There are 2 protein chains.
Amino acid sequence: MAQADTKTQILDTAEALLQDRGFNAFSYNHIAQPLGVKNAAIHYHFPTKTDLGVALIERCRARFQQYTDLLEAGEASPVLKFEAYLTLPWRYLRDGGKVCPLGALEVEFNTLPEEMRLEVIALDQQMRAWLAIALEEGREQELLHFEGSAEERAILIAAALQGALQIARVAGNSAFNTCVRHLKQELGLAN
Amino acid sequence: MAQADTKTQILDTAEALLQDRGFNAFSYNHIAQPLGVKNAAIHYHFPTKTDLGVALIERCRARFQQYTDLLEAGEASPVLKFEAYLTLPWRYLRDGGKVCPLGALEVEFNTLPEEMRLEVIALDQQMRAWLAIALEEGREQELLHFEGSAEERAILIAAALQGALQIARVAGNSAFNTCVRHLKQELGLAN
DNA sequence: GTCTATAACGTGATAGAC
DNA sequence: GTCTATCACGTTATAGAC
């Protein structure tokens, strides 16, 4: 499966570039060079950059689905689910100051082709919806405490994490950690 | 002062484009066209795009300084100062779903020339520092209530607002309003 | 599946006329 | 201060050989 392997490597590289520079700021050559191939090889797997972008976001969605499926199957506690959600941006930051793919795509949203926009919307919806359910479960079990609807709380948390990753680039990683600590405190969680 | 006028118009257009599409996704022609001039005219005022970018951020800083100076001179209450801070992103959203210039620049941070990076860092610092002081004043006067340092609280608020503006693009403006409402509630403010 | 070669275009930028 | 004309370059994308 040499083909699948290259395809995966392309997506890996493109995803890293997206989180490092944004979608408009990387080219087929940026992907080809580290893989030791020419840009035409990338076009073979993803004819247009739109195809690549859509596949990229779809993979993010599938991966998130897999991640949450595992947590649901393991009957993870709502607190663990929330912590697992925090793990995602935490890894981005640790892995070289990357930002949330969703945030990068939202900033460039008005430059994206329609097909990509729909995927971005779906990814956002998917992630916040799952978080909201976990939060609601936590509140029902009196493990988490907050006012208002769980959906609203999920927006606040998602927005803060996304913004904190970006601010961390200019204010240092501690800015992100501070944000996480406060979000947890507000849910009544210890650190 | 036809020159100053054109220069201002260029900066206005560039700023709107930055907030709409990001820094890398607009060109000199994107600026020139609506102003009814050719791209060479833009180069006369701002020889390189880096010059334009630096001037753009510097103007954001000067404008914010002016805004806060006015509030300080008027001896605005801490609550009014906080509300004034919220007004900035609220206007962005209202003015066609723009995002925070700072957020856009942070996402593209790794693609920016050094001179622009320094300006981005300075703008972030300036805005959060002022917000932190206002928050601390509010707590001393028992008008605002929160745990932890004011600097930490300022990070959370800035991150949430920045992220909420971006999420609003895919989840609708209500996402931003929800975020603001919760931030206010957590400070003990009515709506 | 990857290559070379190339097309078609947009970009930032400069020179020199007006 | 703005124009026309132009350059050098990087970009997405395609054709056809291997």
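Treat the numbers as computed from the prediction; the structure is a model and nothing was measured. Below, chains carry the letters A, B, ... as their sequence lines are ordered, and counting in each starts from 1.
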I need the CD-P distance between B:Q33 and C:dG10, as an integer number of Å.
11 Å
Just distance, no hydrogens or angles: give the donor-acceptor pairs under 3.5 Å from side chains in residues 174-181 of chain A, sequence neighbours left out.
residue	atom	partner	partner atom	Å
A:T178	OG1	A:S174	O	2.9
A:R181	NH1	B:E152	OE2	3.4

How many whole angstroms separate atom OH of B:Y44 from atom P of C:dA15?
16 Å
B:E83 meets the salt bridge (Lys or Arg N to Asp or Glu O under 4.0 Å) criterion, sequence neighbours left out, with B:K184
With sequence neighbours left out, what residues match B:R117 under side-chain hydrogen bond (donor to acceptor under 3.5 Å, both in side chains)?
none
B:K81 and its salt bridge (charged side-chain N to carboxylate O under 4.0 Å, His left out) partner, picked from B:E72, B:E75, B:E136
B:E72
How close or far is atom P of D:dT2 from atom NZ of B:K7, stated in whole angstroms?
11 Å
Distance-only donor-acceptor pairs under 3.5 Å for side chains of residues 28-36 of chain B, two or more places apart:
residue	atom	partner	partner atom	Å
B:Y28	OH	B:F46	O	2.8
B:Y28	OH	B:T48	O	3.0
B:Y28	OH	B:K49	N	3.2
B:N29	OD1	B:N39	ND2	3.4
B:H30	ND1	B:S27	N	2.9
B:H30	ND1	B:S27	OG	2.9

Between the protein and nucleotides 11-18 of chain D, list the N/O to N/O atom pairs that are separated by less than 3.5 angstrom.
residue	atom	partner	partner atom	Å
D:dT11	OP1	A:S27	OG	3.4
D:dT12	OP1	A:K49	NZ	3.4
D:dT12	OP2	A:Y28	N	2.9
D:dA13	OP2	A:K49	N	2.6
D:dA13	N7	A:H43	NE2	3.2

Taking ILVMFWY side chains as joined if any heavy atoms are under 4.5 angstrom apart, and letting links pass through other members, which residues group with A:V107?
B:V107
Between P of C:dT11 and CD1 of B:I42, the distance in whole Å:
13 Å
